[in-house]
Amino acid sequence: MQLSEQEIQRRKEREELMKLGIDPYPAALFEVNVSARDIKENYERRKTDYKSVSIAGRLMSRRIMGSASFAEIQDSTGRIQIYLRRDDLCPGDDKSLYNDIFKKRLDIGDIIGIQGYVFTTQMGEISIHVQELTLLSKSLHPLPIVKETEDEKGQKKTYDAFSDPEQRYRQRYLDLIVNPKVKETFKMRTQLINTLRDFFNSKGYLEVETPILQPIHGGAAARPFETHHNTLNMKLYLRIANELYLKRLIVGGFDGVYEFAKDFRNEGMSRFHNPEFTQVELYVAYKDYFWMMDFMEEAVEKVALSLHGDTKVKVGENTIEFQRPWKRFTMFEAIEHFTGIDISKMDEEQLKKVCKDLKVDIDDSMGKGKLIDEIFGEKCEPHLIQPTFIMDYPVEMSPLTKKHRSEEGLVERFEVICNGKEIMNAYSELNDPIDQRERFEEQLELAKRGDEEAMALDEDFLRALEYGMPPTSGVGIGIDRLAMIMTNSNSIQDVLFFPQMRPEKKPVVASESDYVEVGVRKELIPILQKLGFNSIKQLKEANVNKLFNDVCGMRKKLKLDIQNPTKEEVESWLE
RNA sequence: GAUCGCUUAGCUCAGCUGGUAGAGCAAUUGACUUUUAAUCAAUAGGUCCAGGGUUCGAAUCCCUGAGCGAUCACCA
């Protein structure tokens with residue numbers, strides 16, 4: 001691999017430190033008794049408490065002025081300025097710790113530990129006067145340097161921002177180091193999950209774990225990932241939902257169960273979709289979907305308050321108000337509201353005409369339910385910014401949902417739409433085993449017609465229902481999407497530490513022995529690599545005269561103290 | 001999958017109608033004892049994404065491909 005000049009430099013510094021008897025990666029613990037945030041928040045009020053501090057972090061900037069220097073270190077709570085003076089750091093005659101170690105062999109990105117006392121500079125910045133300095137980890141890879149200034153109005157201006165999305169997601173650790181806001185986003189995501197978990201626990205619902213590897217994938221309409229178990233010699237699927245397992249637990253006698261579940265769907269990727277995503281599914285016995293609406297309003301309102309101290313959350317251009325109660329529409333009402341058309345009594349032919357009039361794309365395979373869903377998705381969903389319950393879906397779309405208590409052809413299902421996207425999906429769960437079997441069979445028909453997302457029939461699940469499941473309401477909350485809204489993130493990739501990416505394309509590079517094999521002297525290999533001959537095939541195709549000239553020229557340029565090859569030698573490589 | 005855009009130094013980006021590759025930061029060497037994107041002087045650093053074409057001459061124009069992004073379509 002070709003190293004950049006700066007990487008070579010840092011490797012050299014590592015060696016030199018070792019020769020000076022300084023371990024660049026010491027084994028011993030480093031005692032930390034304070035954090036950057038702690039100092040900044042409390043020093044002014046309790047100055048005497050900060051006369052002897054010990055803190056560790058990453059060196060993020062340096063301003064060297066002869067025998068004194070300012071630098072910044074960053075720990076998990078933020079940055080703080082440190083001040084180093086040669087004669088304080090090196091009280092004796094030996095000034096090498098400052099002159100040679102700090103100034104020459106430490107770099108931005110290195111992790112250091114310091115001991116000293118807190119003071120305020122003439123410019124008014126709380127800083128640490130360093131009395132002892134310990135290298136804790138040498139960094140060999142230069143860090144992107146992001147700088148920030150603040151004008152009189154407190155407006156922040158960022159220079160050389162590390163903003164390339166590909167690099168940020170592939171090397172999230174770098175993103176976290178140099179973009180402090182990223183850390184905040186992920187802390188909020190965790191707090192969101194904790195808030196929901198605490199709320200569910202406070203009601204006595206049990207957090208459970210169910211299989212991720214499932215012989216039959218069920219609970220949602222989606223294409224699964226397949227895998228294979230060797231000992232059982234059988235096909236397994238990565239779960240697309242955990243619904244059918246959680247309902248089995250309700251059959252088993254729990255009143256409420258929930259699971260924060262990673263689910264996997266083998267479908268397209270976009271700023272709203274990642275192949276693996278998180279949803280929490282919750283099932284509560286003896287409840288219906290009206291109860292669940294109230295419960296969800298309360299849950300999400302709690303999340304907003306916990307994260308923002310307010311029920312209002314700014315998302316892009318909009319301010320979203322999560323305060324209860326939220327608007328409630330039946331699907332028919334929503335469609336009438338946005339299009340002015342009452343479709344509640346229409347048959348399939350009439351619906352098709354409506355779609356045509358509204359310029360909603362349809363195809364012949366679509367039944368009544370699908371047509372209604374298309375109209376809703378096209379004409380209503382994007383306009384629903386404030387959290388809104390959409391209730392009572394067509395039965396065709398919801399094979400696991402109980403039929404509506406009074407409306408023919410509908411089911412007791414709601415979704416919550418917020419910021420133009422679905423964030424929640426809930427039902428009064430279907431618990432009539434005969435009805436459930438018929439619905440599964442309808443799905444099988446769809447599958448025969450080529451619907452790859454149709455649900456499979458799960459005999460054991462049906463057997464469980466036949467023993468009797470109490471009336472139950474269940475919900476699935478899209479954690480990633482809720483996190484996007486709560487953290488004002490434009491893309492799902494911004495709320496996942498490691499979003500799925502295409503594999504990094506690495507050029508195929510010939511190994512040292514490949515070069516040696518065709519007769520290249522070891523010391524000449526870097527020259528060939530520098531010239532761009534990264535594979536033997538490339539080398540074989542080269543022109544002898546040009547190659548000979550280039551190699552000698554590059555040797556001179558790199559100022560390598562080695563013997564140039566002869567023309568005959570170069571010729572021999574290409575044979 | 002479709003359309004549009006981007007790819008130049010370690011990082012952020014200039015580079016006009018085609019004529020010897022540029023800046024700031026980072027790096028190296030030096031000056032400087034409280035700086036705030038520290039400053040000053042000097043040095044080094046490039047397969048201009050890859051391949052082909054047009055041309056006396058291509059980072060620049062054309063074609064093909066790759067990666068990435070944005071928008072749209074399907075899915076949570």
Side-chain angles (χ1 to χ4, degrees), chain A residues 2-10 12-13 61-72 81-88 98 103-104 107-109 119-125 127 129 141-151 156-170 174 178 220-223 240-241 263-279 281 361 374 377-378 415-417 421-425 452-453 476-482 484 490-493 501-505 507 529-534 538 550 557 559:
Chain A
Q2 289 279 295
L3 294 175
S4 73
E5 200 184 350
Q6 292 189 42
E7 289 171 288
I8 294 167
Q9 171 73 17
R10 286 175 180 230
K12 239 187 250 163
E13 285 163 359
S61 72
R62 276 199 305 180
R63 295 181 286 277
I64 296 175
M65 297 159 296
S67 60
S69 297
F70 283 94
E72 279 178 302
Q81 178 167 277
I82 64 174
Y83 175 61
L84 302 98
R85 193 156 61 176
R86 186 202 305 158
D87 296 333
D88 292 335
Y98 181 82
K103 274 168 76 173
K104 298 201 171 150
D107 290 294
I108 289 173
F119 74 111
T120 308
T121 65
Q122 285 178 8
M123 301 299 290
E125 176 141 350
S127 307
H129 194 122
H141 221 118
L143 219 49
I145 310 284
V146 181
K147 290 191 173 173
E148 221 172 45
T149 44
E150 211 170 314
D151 62 22
K156 279 191 179 168
K157 205 173 164 198
T158 305
Y159 299 84
D160 300 337
F162 180 67
S163 58
D164 175 33
E166 188 187 359
Q167 273 194 67
R168 286 186 47 219
Y169 302 144
R170 280 199 201 282
L174 282 186
V178 303
R223 289 163 63 188
I240 56 173
D263 290 338
F264 305 84
R265 299 190 184 173
N266 207 341
E267 290 163 347
M269 289 160 64
S270 75
R271 73 187 181 94
F272 290 104
H273 300 88
N274 194 64
E276 52 183 293
F277 67 102
T278 305
Q279 64 171 338
E281 289 195 43
D361 278 344
E374 285 294 315
E378 190 77 20
E415 289 189 358
V416 173
I417 313 295
K421 275 280 167 189
E422 176 193 340
I423 57 167
M424 225 185 262
N425 182 14
E452 289 184 273
E453 294 178 354
I477 308 171
I479 294 295
D480 310 295
R481 290 203 178 160
L482 187 56
M484 283 170 68
N490 190 43
S491 164
I492 197 168
Q493 294 170 308
M501 308 278 280
R502 277 205 178 73
E504 213 168 339
K505 205 185 74 184
Q529 285 173 334
K530 190 80 185 168
L531 286 169
F533 293 100
N534 285 319
Q538 261 179 305
D550 285 350
K557 196 175 171 196
K559 295 176 192 134

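As the structure is a prediction and not an experimental result, all values here were calculated from the model. The chains referred to below are lettered A, B, ... by the order of the sequence lines, with proteins before strands, and numbering in each begins at 1. Only heavy atoms go into these numbers, but all of them, side chains included; no hydrogens, no water, no symmetry mates.
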Sequence neighbours excluded, the answer for ring pair (Phe, Tyr, Trp, His ring centres under 6.0 Å) partners of F70(A) is Y83(A)

Kindly give the atom pairs (protein nitrogen or oxygen, nucleotide nitrogen or oxygen) under 3.5 Å for nucleotides 73-76 of chain B.
from   : atom 1 : to      : atom 2 : distance (Å)
C75(B) : OP1    : K370(A) : NZ     : 3.1
C75(B) : O2'    : E267(A) : OE1    : 2.0
C75(B) : O2'    : E267(A) : OE2    : 3.0
C75(B) : N3     : H273(A) : ND1    : 2.8
C75(B) : N3     : H273(A) : NE2    : 2.5
C75(B) : N4     : H273(A) : ND1    : 2.8
C75(B) : N4     : H273(A) : NE2    : 3.0
A76(B) : O3'    : E422(A) : OE1    : 2.9
A76(B) : O2'    : R481(A) : NH1    : 2.3
A76(B) : O2'    : R481(A) : NH2    : 3.4
A76(B) : N6     : N274(A) : O      : 2.7
A76(B) : N1     : N274(A) : N      : 3.4
A76(B) : N1     : N274(A) : O      : 3.2

Query raised in the report: Less than 3.5 Å between a donor and an acceptor, one on the side chain of S127(A) and one on the base of U34(B), is that the case here?
Result: no

Those residues at least two apart in sequence (or on a different chain) that pass salt bridge (Lys or Arg N to Asp or Glu O under 4.0 Å) with E267(A) are none

Of the listed G69(B), U33(B), U34(B), the closest approach to the Q493(A) side chain comes from G69(B)

The dot-bracket string of RNA chain B, counting Watson-Crick and G-U wobble pairs with both distances under 3.5 Å, using [ ] for crossing pairs and | for pairs to another strand, is (((((((..((((.....[..)))).(((((.......))))).....(((((..]....))))))))))))....

Here the gap from R10(A) atom CZ to I8(A) atom CD1, rounded to the nearest 0.5 Å, amounts to 13.0 Å

Give each protein N/O atom lying under 3.5 Å from an N/O atom of nucleotides 22-31 of chain B, with the pair distance.
from   : atom 1 : to      : atom 2 : distance (Å)
G24(B) : N2     : D160(A) : OD1    : 3.2
G24(B) : N2     : D160(A) : OD2    : 3.3
C25(B) : O3'    : K147(A) : NZ     : 3.1
A26(B) : OP1    : K147(A) : NZ     : 3.2
A26(B) : N3     : Q6(A)   : NE2    : 3.0

Sorted by chain and residue number, the salt bridge (Lys or Arg N to Asp or Glu O under 4.0 Å) partners of E72(A) (sequence neighbours excluded) come out as R79(A)

Separation between NE2 (H129(A)) and CZ (F119(A)), nearest 0.5 Å, reads 6.5 Å

Picking from U35(B), U33(B), G67(B), the nucleotide nearest the side-chain atoms of E166(A) would be G67(B)

If the C1' atom of U20(B) is compared with that of G57(B), how far apart are they to the nearest Å?
11 Å

